[in-house]
Amino acid sequence: MSHPRSPASHRELRRPGPPWLADRLLRLALRSDIEREMVLGDLEEQLPQHGRRWYWREALAISAHALLRRTGTTGDPRRSGDAFMYTSIKDVRYAWRGLFKRPLLTLTVTATLALGLGANAAIFNLIDRMVFRPYPLIDPDRTVLLAETGPRLFTKESVSLANFLDWRTSAGTITRLSAFQWWDANLVDREDPERLPGFFVSSDFFDAVGVRPALGRGFVRDDETFGRHHVIVVSDGIWKRRFDGDPAIVGRTVTVDGEPHQIVGVAPPRFAFPDGAQIWAPISFDPQKPPARQNRSLTVIGRLKDGKTLEDAQAEMAVLADRLAREYPDTNRDYGARVYTLTQGMLDEGTGPLLSLWQVSALVVLLIACANIANLMLARAAERRREIAVRIALGAGRARLIRELLTESLMLALVAVPPALGVAWLSLRAIRVSMPANIMRFVPGFESLGPDLRLLGFTVGLAVLTACVFGLLPAVQASKAQVSEALKEGGRSSTGRQFLRRGIVIAEISIALPLLVAAGLGVLGTNRFLNGPQGYDPDGVLTMKVVLQARTYPDGASQRRFVERALDGLAAVPGVEQAALINNPPASGSNSSRAIEIDGHPAPDPKNPPTVDNRLATTDYFSLMRIPIVSGRAFTAADREGAAPVVIVSDSLAKKYWPGEDPVGRRMKTGKSWMTVVGVCGDVIQDWFNRRNIPTMYRPLAQVPTNYFGIQVRTAGDPSVLAGAVRQALLRVDATQPVFEMMPMRQALSERTIGLQYLAAIMTVFAVLALLLAAVGLYAVISCLVTQRRHEIGLRIALGASTADVLKLTVGQAFNLTIAGTAIGLVLSIALSRLMEAGMLGVASSDARVILGFAAILIASALLAGYLPARRAAAIDPMIALRAE
Amino acid sequence: MPEIYLGELEQIVLLAVLRLGEEAYTAPILEQIEAQTGRKVARGALYTALERLETKGCLRSRVGDPLPERGGRARRYFKVTPAALRALKDSRLALLRLWNGLEQIL
């Protein structure tokens, strides 16, 4: 409109149109077409006279009028008292003053709510950060994860390199298609060799996740060519820590996995995708030799093209996978392709349900808190009966009264929001600090835990909801006040309300018990994991891992040489009693298994032979770990390369495949070689979750060399003291060979069960909160009862009732409520413990003693809560109580 | 026919519409009220009153020709119904009777 026109141009053309936003607002506010047309026309007609500011002012005022008209409060003058806004502000002021008039009630409610809301806020933050947006630097809406789907329906499989390359050339809905694969990089620079969590990635990786390297470049297609692939990108952390933040780092050559690599880029700060990666190198292949199609080991990500949806991509990939299945039936038949959002695709399956369990528990705690507050509000409403009755008598509307009382509840809830956020912040800090760093890297989003705007929104929303839950019942109850009855002199409370209050206490107790039982089972299970019999002795053992570099140790002979020299070097360290190696130490999270054949007992289905866990150990392993040899012998130095192949079997293996016989002297086969059983050893717990007392065979490492293993060292005292000396001894064997995850065996056990420890700890906090709140609730009810029955109790004492009689009367009431609540709670607890038993892989076993024990604890605390006010009742002076009338 | 109850603002609006005759649409109604009573009425309140009066059967409206200065929209002209006229008359008579004899005091 502001084009320079001829001077004679019409005024209308230069006239500015109505403000767009104000126009939208009016259209929204005005429902009737006729009226909308009229209003918009009127305003536009007078716009040139008054200007845009006027238009805005009028639009806002008219919209407000229209909205109020629609809510009906300014409708019929005979019905409405004051305007809605006006009375609301009055309510808020009144409630605000009320908060300060009863500081003790306000404080109690605020503290209760702060704990309940805070617990929920903390868990919400966990879910929000870990499940909904775990990758802070990556655009979650456009980044997708692609997977192959296996022959069984909906199994998510990794992608083969050949399929990935075909996808990359054909996909039209997804751009920047990029693959990555796990890589344990061994970086050698001026300092010690260091094993770094790394990933092999294809050329578009950084573009796919939408991240630009802070220095240098990402990878290009040329880097993927075998022979030109010795380039790396390092993380911001590595750059600062190992290279002192050298700005001229790009172009420098370092040794990685024994070969020179050129640093081409530095990732931006905080970027550690995927799985806490700190170093990235290109996936490389020889363009002349097509890569194998059946070897599926890649994870593939990409970005949706603008305007394309997940469904478009899914449809295209389905067609593409179908085409590949027809072209390469040998490897691709029955394989499909599926597209996920990145967050969904990367999510660990167990995380969601576990976090939901926590959120449900937190909500139960909040519910108990609500029940308590509702109880307090009921008591307060009872005090205000007279006031409310007078107001009703003077013509106050019931809806108006309920609204006023609800406003009061709302104010109480909102006042609790800041302390609740404080509670959440403290809990989140505690959760983050107690998580070991080497586990935290696998939990995306964990590092960014902390309060934010979404948390604030959630907490305020929950507070409002809470206010409705705890405020509505008392408000409705209070507004029902019977005028004539309440105004009568000395009117006592009706029994109906007492019934309600007792019901609330029974409900509180009945849901506190299952929480206690769940927490108790969790704690007992965890304790059993950490301190129960493991099948070996973890005390005084230092454990560590080694992955031999393929360049230096290409064959069995060189690997054997390393093992021998390492064992010699370790034996020479003062304080080391014994040293031994095994491919998969217990509590290491790793495992390997092999198919076997038992001599004289052919497998019923030759295509599907039995498999057992496969262990390769050095001579001293059994005595070091104190694993008992049940029959036969342990390994000796004679069980070496070239000697007759031997095997030691675990007790469970012996019982399963040679039931009722002694297996020593029998033969079994794995791969091509027959081995003679020379001994039977005790079973161990390899992993508490899924590898307890699994049939296992042990073979001498000297006869079956391997390039990865754990080293165990038994020490005289505290194993962590020797960590430095042990590392030095191994570096003397090979200065470029990294040793990682060195820690006492006890710590390894603890880290394997860290999730369960978290579960138990958090559930315990919730359970204690629930117990406390239920006890406080009972206390309040009994206390109130005593106050209301002062007169009657005084009379009883005057007539000769003893202290014991009075105690029996009041504690008896507490007892009845507790027993009723516990009975319901017991039923719930049994159901819950069955559920836990089924859902937690036998971690928790429902134990009647545990359930009954917690019921006893609950009853005891409830009786204590009931006893305190009862003592007050017994101390009533009859003269004073009766005179008060 | 049930008696129509008229609030103060409603009476003012109806009288303004009557005074304007054929030219009674929003802007002149507002001007008329302000000029005659010296009181400024919120535009939103006027719209509310107009809508209610029409639902109550006190006003009827017709739509004029589309006008370019209104963004192609038409003006909406209002007319007082006979029922509303009766109600206004009743109200006036009642007030006059009440005023009768009070001239000296006020």
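Labels below follow one simple rule: chain letters A, B, ... track the order of the sequence lines, proteins then strands, and each chain is numbered from 1.
Ranked by heavy-atom pairs under 4.5 Å with chain A, the list B/S61, B/G72, B/G44 is led by B/G44.
Contact of the B/R73 side chain with the A/R36 side chain is not registered, since no non-hydrogen atoms from C-beta on lie closer than 4.5 Å.
The number of heavy-atom neighbours closer than 6.0 Å to CZ of A/R53, taken from other residues, nucleotides and ligands shown, is 12 or below. When the shell of 6.0 Å around NZ of B/K79 is examined, it contains 12 or fewer heavy atoms from other residues, nucleotides or ligands. Heavy-atom contacts from other residues, nucleotides or ligands closer than 6.0 Å to CG of B/L96 number more than 12. A 6.0 Å sphere centred on CD1 of A/I34 holds no more than 12 heavy atoms belonging to other residues, nucleotides or ligands.
A salt bridge between A/E45 and B/R75 is present, with a side-chain N of the basic residue lying under 4.0 Å from a carboxylate O of the acidic one. Ion pairing between A/D42 and B/R76 fails under the 4.0 Å rule for side-chain N and carboxylate O. Ion pair B/R70/A/E44 not flagged as a salt bridge, since none of the NZ, NE, NH1 or NH2 atoms sits closer than 4.0 Å to an Asp/Glu carboxylate oxygen.
For chain B, the nearby parts of A/E37 are the backbone and the side chain; heavy atoms of each come within less than 4.5 Å. The contact between B/A45 and chain A is made by backbone and side chain atoms together, counting heavy-atom distances below 4.5 Å. Both the backbone and the side chain of A/E35 come within contact range of chain B, each with at least one heavy atom under 4.5 Å from a heavy atom of that chain.
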Test side-chain contact (heavy atoms from CB on, under 4.5 Å) applied to B/R43 and A/V39, step by step: CA-CA 9 Å; B/R43 194 175 275 269; A/V39 172; over 6 Å; no

Candidate pair A/Q46 and B/E69, rule side-chain contact (heavy atoms from CB on, under 4.5 Å), full reasoning: CA-CA 9 Å; A/Q46 289 184 286; B/E69 64 265 34; over 6 Å; no

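The stretch residues 18-40 of chain B places B/Y25, B/T26, B/A27 near chain A, each with some heavy atom under 4.5 Å from a heavy atom of that chain.
Taken from NE2 in A/H65 to OH in B/Y47, the straight-line distance is 11.5 Å, to the nearest 0.5 Å.
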